[in-house]
Amino acid sequence: MDAPARVAGTVRPGGRTARVRAAVLQAAQDELVEHGFHGLTMDQVAVRAGVGKTTLYRRWGSPAGLVTDLMVELAEQSSPHADTGSIEGDLRANAMAVVEAVNDGRLGATFQAMIAAATCDEQAAAALRAFYLRRIEEWAGVVELAVGRGELPPGTDATEVIRAVSAPLYYLLVVTREPVTAEAAERSVRRALAAAKAGAFIP
C-alpha cells in the first residue's frame, strides 16, 4: 500500500518549528475571522505571524493549506463527548456543542471559512471530512452506551444517530442561512431520538 501523502503543514513539529506553526495558525485564524476564506492571503498571515512569506509558502503552499492545517489542529483540541447518564441528555449536549461552536464569534467564522475552502480545494475538503468524522466517531460512543443500557435497540448505527442530530443544524448554517438556535437543537434531538428508538437507524 502506498504511504499516505502528507497534508501541507500537518507534520507535527517541535521546538522553534512548533512555535512558528502555532503563530501562523493563530494568525490564519485571526485573518479568517476578520476577512473570511476568500480574504485570506499569505502576505497578511505572514505579517501577522511575524514570519517570512517563504516559510508560509514552503510549509503550507496556499491559503487552503493553512485552513487544512488549522482544521487538523482544531480536531486535536476538541473536547470529548458528554456522559450525562441518558441518551437524551447526551444527544442534547452534542447538539448544544454544535450551536455554541457555530455561534461563537471566532469558531463560527473559522468553520464558515473551512466550509468555503472545502468547496474549492480537495485538500481542504478531505481535512474537513476528517475533522467531522473524528467528532462523529467520538460522539458515537454515547449511542453505544445507550444501546448497552437498553435505551436504544441493539444494532443501532451509532454514527448515523449522531449525524441525524447535527445535520439539520448545519443545514441551517450553510444552506438556508438561518439562525442556529437552542430551539433548533432541541427539535433535532427529539426527532433523532424518536427515530432511533423506533429502530430507524438499524441497517
Side-chain angles (χ1 to χ4, degrees), residues 4 7 10 29 67-119 121-203:
V7 176
T10 60
Q29 190 171 17
V67 172
T68 296
D69 197 16
L70 183 57
M71 282 187 269
V72 171
E73 183 68 14
L74 291 176
E76 292 176 352
Q77 294 176 0
S78 59
S79 57
H81 67 73
D83 186 3
T84 67
S86 75
I87 186 59
E88 183 175 2
D90 290 345
L91 294 183
R92 184 174 292 111
N94 173 257
M96 287 307 301
V98 174
V99 171
E100 290 166 8
V102 301
N103 285 305
D104 180 87
R106 187 171 181 79
L107 273 179
T110 303
F111 288 145
Q112 294 273 22
M114 289 177 178
I115 294 166
T119 64
D121 183 271
E122 182 51 41
Q123 184 183 36
L128 184 64
R129 286 193 297 272
F131 174 88
Y132 283 112
L133 180 60
R134 179 170 177 164
R135 296 305 295 141
I136 289 168
E137 289 178 344
E138 171 67 26
W139 279 89
V142 305
V143 178
E144 293 163 359
L145 289 172
V147 171
R149 292 192 299 260
E151 292 181 277
L152 296 177
T156 296
D157 188 324
T159 61
E160 287 304 306
V161 175
I162 299 303
R163 289 179 192 272
V165 171
S166 58
L169 304 178
Y170 286 112
Y171 184 87
L172 293 174
L173 176 71
V174 178
V175 180
T176 61
R177 311 290 292 181
E178 296 176 69
V180 183
T181 63
E183 291 76 16
E186 187 64 30
R187 287 195 301 272
S188 186
V189 168
R190 287 200 308 268
R191 292 165 181 169
L193 185 56
K197 287 182 176 180
F201 298 110
I202 299 175

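Note that the numbering runs from 1 along the sequence shown for the chain.
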Checklist entry - Can you find a pair of side-chain heavy atoms, one from Val143 and one from Thr156, that are under 4.5 Å apart? => result yes

Checklist outcome for this item: For Gly199 and Pro153 the tightest heavy-atom approach is CA-CG, 4.1 Å

Item to check | Salt-bridge criterion met for Glu138 and Arg134 (N-O under 4.0 Å) | outcome: no

Item to check | Minimal non-hydrogen separation, Glu151 against Gly85, with atom names | outcome: OE1-O, 4.4 Å

Next on the checklist: Walk me through whether Leu70 and Thr110 qualify under side chain to side chain contact (heavy atoms under 4.5 Å, CB included).
Outcome noted: CA-CA 9 Å; Leu70 183 57; Thr110 303; 3.8 Å; yes

Next on the checklist: If I compare all heavy atoms of Val147 with all of Pro154, which pair ends up nearest, and what's the gap?
Outcome noted: CG1-CA, 3.9 Å

Checklist entry - Between Gln112 and Leu173, is any pair of side-chain heavy atoms under 4.5 Å apart? => result yes

Checklist entry - Is there a side-chain contact between Tyr170 and Phe111, using heavy atoms and a 4.5 Å cut-off? => result no

Next on the checklist: Tell me the closest heavy-atom pair linking Ser166 and Val98, and the distance in Å.
Outcome noted: CB-CG2, 4.3 Å

Checklist outcome for this item: CG (Asp69) and CE (Met71) are apart, to the nearest 0.5 Å, by 9.5 Å

Next on the checklist: Measuring from atom CG of Leu128 to atom CD of Gln123, what distance do you get when rounded to the nearest 0.5 angstrom?
Outcome noted: 12.5 Å

Next on the checklist: If I take atom CG from residue Asn94 and atom CD1 from residue Ile87, how far apart are they, to the nearest 0.5 angstrom?
Outcome noted: 9.0 Å

Checklist entry - Shortest non-hydrogen contact from Val161 to Ala192? => result O-CB, 4.5 Å

Item to check | Arg92/Thr84 under side chain to side chain contact (heavy atoms under 4.5 Å, CB included): CA gap, chis, key distance, verdict | outcome: CA-CA 10 Å; Arg92 184 174 292 111; Thr84 67; over 6 Å; no

Checklist entry - Where do Ala95 and Val189 come nearest, in terms of heavy atoms and distance? => result CB-CG2, 3.6 Å

Checklist entry - Any sub-3.5 Å donor-acceptor pair from Asn103's side-chain atoms to Val180's backbone N or O? => result yes

Checklist entry - When you look at Val142 and Ile162, which way does the side chain to side chain contact (heavy atoms under 4.5 Å, CB included) test go after all the steps? => result CA-CA 9 Å; Val142 305; Ile162 299 303; 4.2 Å; yes

Item to check | Interatomic distance, Leu91 atom CG to Arg190 atom CZ [nearest 0.5 angstrom] | outcome: 13.0 Å

Checklist entry - Rounded to the nearest 0.5 Å, how far apart are OG1 of Thr119 and CE of Met114? => result 14.0 Å

Checklist entry - So how far is it from Leu193 CG to Leu152 CG, rounded to the nearest 0.5 Å? => result 6.5 Å

